[in-house]
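Convention: sequence-line order gives letters A, B, ...; per-chain numbering from 1.
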Amino acid sequence: MTLLVVAAYFALVLGVGLFAQRLLERTGEDYFLANRSIGSFVLLMSLFGTHMTAFALLGSSGEAYHSGIGVFGLMASASGLVIPLVFFFIGTRAWAVGKRNGYVTQVQLFRDRWGSDALGLLLFVVLVALLIPYLLIGVMGGGITLNQITDGAVPEWVGGLVIAMVVMTYVASGGLRSTAWVNTFQTLVFMALGAVTFAIVTSRMGGLQGILAGLAEARPDLLARDRHFPPLYWLTYTLIPASAAMFPHLFMHWLSARRVRTFKLTIVAYPVCIAIVWIPAVLLGIAGNLDFPGLVGGESNSILVQMIGLHAPGVLAGLLGAGVFAAVMSSLDSQVLALGTMFTEDIVRHHGYHDTMDDRRRVLVGRLFVAGILGLSYVLSLVTARSIFGLATWSFTGFAALLPLPVAALYWRRSTATGAIASVLTVAVGWLAFYWHAGGDASWTPGGSGVLVVAVLLAASSVAMVLGSLLSSPPSPERLDRFFGRPRRGER
Amino acid sequence: MSRRRWLRGVVPLVLLALHNDLWLWSDDSLLWGLPVGLTYHLVYTAATVAAMALLVSFAWPGELDDAESGR
């Protein structure tokens with residue numbers, strides 16, 4: 001019965017996606033950006049759905065299982081502040097220059113801003129490399145969920161494959177328009193079902209007060225933060241949500257907005273949406289210590305689904321499992337579409353066939369690349385045993401450290417290609433060095449200082465941007481005029 | 001300094017400071033039925049919503065609206 005419900009959900013998702021495909025105008029701009037026609041509510045839902053991944057449901061509950069209530073403040077309320085600020089300061093301006101200059105990808109924006117093909121190529125490689133762990137957690141999350149809600153009947157490798165195939169189908173057919181519609185649907189599903197899951201599971205466990213009383217006896221350390229969150233770690237973790245400034249999939253959604261005022265609802269409502277998803281996930285993760293004590297490391301990735309399986313049988317388990325799939329797929333689709341867009345526009349079209357490639361061929365090449373990257377992520381998911389929270393933190397660290405790029409591109413006219421390249425190289429080399437040194441442990445801090453890698457990398461990449469820019473010739477006024485539009489009063 | 005610039009600078013900094021509620025770090029008591037550290041961050045989230053509403057109402061980058069309409 002559970003499997004039937006899940007299969008019905010997948011069929012519904014495919015139906016929504018394929019219906020949106022019928023509106024597709026078969027042009028590159030419609031496939032990749034839905035013709036820049038997305039309104040306020042769909043922008044909020046699709047951005048939020050894209051952003052909330054296996055990390056938000058499985059990663060948060062899994063981490064809360066080990067570390068307690070602090071996980072909400074560490075990531076959720078910090079994200080509720082930082083991400084809307086990213087949309088306010090960077091998203092709106094990126095939209096404006098994107099619309100003025102016809103950009104479809106981030107790489108186009110940065111390459112054009114600084115007039116450097118080398119920067120474009122370097123950035124493409126770094127962005128794809130950082131996105132792969134993010135894709136990985138989506139595929140892993142799908143496999144874990146299907147395995148747990150069927151009591152092990154469906155192996156994890158099958159669940160991961162099914163998720164990848166469903167996403168591939170509706171993304172390949174309808175592009176961003178399908179993705180936006182499906183994300184809106186899936187976001188509403190996982191927000192509603194998340195609240196229902198919380199109500200049912202806590203009720204069957206004797207109510208929230210009973211759960212907290214049980215935890216006060218068994219695991220009082222989970223109800224405060226002093227045992228699990230050093231203050232410097234907490235402070236520097238606030239930089240992690242800044243990764244939203246450089247996520248290719250979020251950037252693409254920004255460009256799809258109908259007008260700049262379309263961002264207002266998203267900026268105001270985002271913190272509420274985050275709280276609606278994270279509070280139940282964190283509380284259920286902590287409560288999992290009462291039903292499933294003694295889980296170690298990445299074993300807690302599945303705690304949310306195990307709780308559903310224990311307390312909500314049959315059809316309900318299928319429905320609630322569908323909510324988890326909704327969160328997983330609503331990110332995976334945008335991520336793979338962004339990758340396909342970047343490859344088609346920034347590599348094949350710009351470096352290979354230039355303007356000789358027509359729209360049909362652009363779309364086809366994008367689809368082939370999508371299949372290749374998803375396949376690679378799927379294979380990697382079969383051999384990775386790490387915590388979802390940890391993998392995501394490393395991915396976000398790299399993206400957050402690239403923050404100097406959009407800030408300099410949109411606000412500092414004196415910045416140059418040399419500064420941008422220096423900044424990206426600093427992030428690439430630094431990230432690899434730290435990852436190797438930490439052995440992949442996301443809680444590792446240089447020299448045991450308590451200061452997360454993200455803070456060190458961000459500082460280093462900022463210095464590289466400033467020094468590289470000041471030590472090289474300023475960009476031409478013509479390039480700045482074309483990028484920004486009219487010069488500011490008093491400049492020239 | 002204009003009101004817009006003042007809001008854009010001060011609001012994020014104040015919220016960032018308030019995010020580091022060190023005075024509740026080792027407190028595991030309950031407030032409104034939840035651990036106080038969690039309750040605080042729920043209230044903090046509500047304050048963030050209000051702050052964002054303030055920013056979009058009084059500190060919106062109007063030059064982008066102008067550019068969009070061709071003024």
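- Of the two parts of A:Leu81, the backbone and the side chain both hold a non-hydrogen atom closer than 4.5 Å to a non-hydrogen atom of chain B.
- Among the candidates A:Leu208, A:Ile69, A:Leu222, A:Val82, the residue making the largest number of heavy-atom pairs closer than 4.5 Å to chain B is A:Ile69.
- In terms of heavy atoms, A:Ala218 sits closest to A:Leu290 at CB-CD2, 4.4 Å.
- With contacts defined as side-chain heavy-atom distances shorter than 4.5 Å, the pair A:Thr266/A:Phe48 does not qualify.
- Per-residue heavy-atom pair counts under 4.5 Å with chain B were compared for A:Gly70, A:Ala78, A:Ala76, and the maximum is reached by A:Ala78.
- Taking the side chain as every heavy atom from C-beta outward, A:Leu215 and A:Asn289 approach each other to under 4.5 Å.
- Annotation: side chain of A:Phe87 is in contact with side chain of A:Leu47 (closest heavy-atom distance under 4.5 Å).
- Looking at A:Ile267, both its backbone and its side chain come within 4.5 Å of chain B, counting heavy atoms on both sides.
- Using the six-membered ring where Trp is involved, B:Tyr40 and B:Tyr44 have ring planes that are parallel, under 30° apart on the 30 and 60° scheme.
- Taking the side chain as every heavy atom from C-beta outward, B:Met52 and A:Phe88 never approach each other to under 4.5 Å.
- Taking 4.5 Å as the heavy-atom cut-off, the residues of residues 23-36 of chain B that approach chain A are B:Leu24, B:Trp25, B:Ser26, B:Asp27, B:Asp28, B:Leu30, B:Gly33, B:Leu34, B:Pro35, ordered by number.
- Only the side chain of B:Leu22 comes within less than 4.5 Å of a heavy atom in chain A; its backbone stays farther off.
- Contact annotation for A:Ala269: neither backbone nor side-chain heavy atoms come within less than 4.5 Å of a heavy atom of chain B.
- Heavy-atom distances place both the backbone and the side chain of A:Phe229 under 4.5 Å from chain B.
- A salt bridge is absent between A:Asp481 and A:Arg413; no separation between the charged side-chain nitrogens and carboxylate oxygens falls under 4.0 Å.
- When side chains are defined from C-beta on, A:Glu63 does not count as touching A:His228, because their heavy atoms never get closer than 4.5 Å.
- Under the 4.5 Å side-chain criterion, counting only non-hydrogen atoms from C-beta, A:Met52 is not in contact with A:Thr187.
- Inter-residue side-chain proximity for A:Phe396 and A:Met75 is flagged as met; some heavy-atom pair is nearer than 4.5 Å.
- For A:Trp412, the CH2 atom sits in a packed shell: over 12 heavy atoms of surrounding residues, nucleotides or ligands are nearer than 6.0 Å.
- Note: A:Trp234 and B:His19 have parallel aromatic rings, judged against thresholds of 30 and 60 degrees for the angle between ring planes.
- Only the side chain of A:Thr238 comes within contact range of chain B, with at least one heavy atom under 4.5 Å from a heavy atom of that chain.
- Side-chain N/O atoms of B:Asp21 and B:His41 include a donor and acceptor closer than 3.5 Å.
- Neither the backbone nor the side chain of A:Arg227 has a heavy atom closer than 4.5 Å to any heavy atom of chain B.
- Side-chain contact between B:Trp60 and B:Arg4: absent, with no pair of heavy atoms (C-beta onward) separated by less than 4.5 Å.
- Applying a 4.5 Å heavy-atom cutoff, the residues of residues 277-285 of chain A that approach chain B are A:Ile279, A:Leu283.
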